2 protein chains.
Amino acid sequence: MARKSERKADLIVAAQRAIAEHGSAVRLNQIAEAAGISSSAILYHYPDIDVLLVEANRAGMERFYNERLNMIASITDPAERLALTISLGVPRGADDEEVRLLCSLGGEAARNMIYAVLLTSLYDRQVGMYQNILDLGVRQEVFTLAQDSLTIARNLVALEDAYGYRIMAKHPTLDYASAVELILDYARLATASALPAPNKSGHVTPIRSKEN
Amino acid sequence: MARKSERKADLIVAAQRAIAEHGSAVRLNQIAEAAGISSSAILYHYPDIDVLLVEANRAGMERFYNERLNMIASITDPAERLALTISLGVPRGADDEEVRLLCSLGGEAARNMIYAVLLTSLYDRQVGMYQNILDLGVRQEVFTLAQDSLTIARNLVALEDAYGYRIMAKHPTLDYASAVELILDYARLATASALPAPNKSGHVTPIRSKEN
DNA sequence: GAAATTGTTGAATTTGTGTTAAAAAACCTT
DNA sequence: AAGGTTTTTTAACACAAATTCAACAATTTC
């Protein structure tokens, strides 16, 4: 019983790796190779490969979103939380598997309704996440919004997405640190708040480290 | 002599349509169908299909960039030029073939060096285009930049790109007009300038219409 | 307008991919 | 450990796509 769903989870991870490596037009054999089993074995668990691909992409999106939610949950200061959220929304490098998956999906969404819905939902949830942070900052009087929070939130997520693509394409001068700084610059302008600069590792200093 | 290159131009257009419809993993047969000839005939002109695909994508990018340059050339007012450039950088709908092509490419760039270079070059040229407009506006004292022009230009192109993807995915509330307005909102904030609002058609009013 | 060239087609071949079924292996269960 | 179930593999097959090539059609050249 549990074995079956464990195996399925393995296959989803393998499919994610395969999609990241070969694109959304990945072949069954390539997924099988990534999973280390024969293609027939995959077909045993997923008679329809499209189902596996959708689940793999959905799971990747879900993980990307939830990981960030968990990371920022412990940060109470709105400015710090905003900066951390931004720094977590940009891939560290072209080899970031999660963002690679999302970028593969972008083009597919123009053709495939399911992926369009999934990506749109992810975008909207990320917008909601930023709106929460912005509104929190307003209530605590650390942010003074130059635009309504929906506008700022939509633009922040859009910037994240776009710089993800730039980093995937290995832009020679626009690396992780510059991308985060570019988004932070917009956030500073829109919130009239001096957001903390990321440290060397690219992340803002977690609140806990203040105790040292 | 001329016939040969005319034919090749036809095939490039056909390939662009086929890529927009079927994605970057488009089949030779699908290109042949789009071109209305047999697959062997295509192979006669392009023994290596990858060469055709690269040329098709490159030509699509080139056209997208040059079209905008031509459209904005006649506008002398920096604010109008900036607004028009923004309105031309966002697809009118999910069926926009040029942007569809670019979106297909986004995911491919993570895997294929050639496409990474092409897309990066397009991005940088668009950034340069915006920087020219911004610097012009500063010299004419209609813009007061809140950030350096490279930062603003990079963010403007990034916003364009990202909203292109959203529109391709048929976001239910984020359509062409809202996307343009979102980008304009950032541009207004960054230039401290009240940029003209787009008219009903989504374009800003061309300067010539003032003579009416 | 005949010959040479250029361009296109359709059929044959090869290769890759997905699908299926029977047999083998791994794994429970009692 | 025997029997039954689940999972996996191997091999055969079907099908689609890429590639090649000989024949044919169109175009150019003289």
Side-chain angles (χ1 to χ4, degrees), chain A residues 1-59 101 104-105 107-108 110-115, chain B residues 1-59 101 104-105 107-108 110-115:
Chain A
M1 196 65 75
R3 293 192 53 78
K4 201 156 197 166
S5 63
E6 270 175 42
R7 197 70 175 122
K8 281 198 166 191
D10 289 345
L11 294 186
I12 286 174
V13 172
Q16 288 170 344
R17 271 208 311 271
I19 296 168
E21 188 177 347
H22 299 105
S24 39
V26 65
R27 304 288 165 196
L28 173 58
N29 299 327
Q30 296 169 325
I31 302 175
E33 194 182 8
I37 59 175
S38 71
S39 61
S40 311
I42 291 181
L43 240 37
Y44 172 78
H45 295 281
Y46 286 96
D48 185 349
I49 298 303
D50 285 345
V51 173
L52 171 58
L53 291 178
V54 170
E55 280 199 25
N57 279 303
R58 197 190 49 72
L101 203 63
S104 298
L105 228 61
E108 205 59 23
R111 260 161 268 117
N112 192 324
M113 184 74 80
I114 301 175
Y115 292 127
Chain B
M1 196 65 75
R3 294 191 55 75
K4 201 157 196 165
S5 64
E6 271 175 41
R7 199 67 174 121
K8 281 198 167 193
D10 288 346
L11 294 186
I12 286 174
V13 172
Q16 288 171 344
R17 271 208 310 272
I19 297 168
E21 189 178 346
H22 300 105
S24 38
V26 64
R27 306 281 166 205
L28 173 57
N29 299 324
Q30 296 169 327
I31 302 174
E33 193 181 9
I37 58 175
S38 71
S39 60
S40 314
I42 291 181
L43 241 37
Y44 171 78
H45 295 282
Y46 286 97
D48 185 349
I49 297 303
D50 285 346
V51 173
L52 171 58
L53 291 179
V54 170
E55 280 199 23
N57 279 302
R58 197 190 49 74
L101 203 63
S104 297
L105 228 62
E108 205 59 23
R111 261 161 266 116
N112 192 323
M113 185 74 80
I114 301 174
Y115 293 127

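Nothing here was measured: the structure is a model prediction, and the numbers come from that model. Per chain, numbering begins at 1; letters A, B, ... match sequence-line order.
Distance CD1/I114(A) to CZ/R58(A): 11.5 Å, rounded to 0.5 Å.
Remark: E33(A) engages no residue in a side-chain hydrogen bond (donor to acceptor under 3.5 Å, both in side chains) (not counting sequence neighbours). By the side chain to side chain contact (heavy atoms under 4.5 Å, CB included) test, L43(A) is found to be paired with L28(A), I49(A), residues two or more places apart in sequence or in another chain being considered. Judged as a side chain to side chain contact (heavy atoms under 4.5 Å, CB included), and not counting sequence neighbours, the contacts of S38(A) are S40(A), A41(A).
Nearest heavy-atom pair, D48(B) versus D50(B), reported as atom, atom and distance to 0.1 Å: OD1-N, 3.0 Å.
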At a cut-off of 3.5 Å, list every protein nitrogen or oxygen paired with a nitrogen or oxygen from nucleotides 17-19 of chain C, distance to 0.1 Å.
| from | atom 1 | to | atom 2 | distance (Å) |
| --- | --- | --- | --- | --- |
| dG18(C) | OP1 | L28(A) | N | 3.4 |
| dG18(C) | OP2 | L28(A) | N | 3.1 |

Using residues 12-24 of chain B as the side-chain source, report each donor-acceptor pair under 3.5 Å to any protein atom, sequence neighbours left out, with the distance given to one decimal.
| from | atom 1 | to | atom 2 | distance (Å) |
| --- | --- | --- | --- | --- |
| Q16(B) | NE2 | A56(B) | O | 3.0 |
| R17(B) | NH2 | A34(B) | O | 2.7 |
| H22(B) | ND1 | A18(B) | O | 3.4 |
| S24(B) | OG | E108(B) | OE1 | 3.3 |

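When rounded to the nearest whole Å, the span between CD1 of I31(B) and P of dT19(D) equals 11 Å. The distance from atom CG of D48(B) to atom C1' of dA18(D) is 12 Å, rounded to the nearest whole Å. A straight line from CG of D50(B) to C1' of dA18(D) spans 12 Å, rounded to a whole angstrom. The interatomic distance linking E6(A) (CD) with dT7(D) (C1') rounds to 14 Å, in whole Å. The nearest whole Å value for the distance from the CD1 atom in I42(B) to the P atom in dT20(D) is 16 Å. Taking atom CD1 of I37(A) as the reference point, atom P of dT8(D) lies 5 Å away to the nearest angstrom. Protein atom CD of E33(B) is 14 Å distant from nucleotide atom C1' of dA16(D), rounded to whole Å.
Residue H45(A) has a polar side-chain atom (N or O) positioned under 4.0 Å from OP1 or OP2 of dT8(D). Between Y44(B) and dG7(C), a side-chain N or O to OP1/OP2 separation shorter than 4.0 Å is present. Phosphate contact (OP1/OP2 of dT8(D), side-chain N/O of R7(A), threshold under 4.0 Å): present.
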Legend entry - Test log, rule side chain to side chain contact (heavy atoms under 4.5 Å, CB included), inputs V54(B) and N112(B): CA-CA 11 Å; V54(B) 170; N112(B) 192 323; 5.9 Å; no
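With a 4.5 Å cut-off on side-chain heavy atoms, L11(B) and I31(B) do not count as touching. A 4.5 Å side-chain heavy-atom check between R7(B) and I37(B) finds at least one atom pair inside the cut-off.
Within residues 10-22 of chain B, no residue is approached by DNA chain C to less than 4.0 Å at the level of any non-hydrogen atom.
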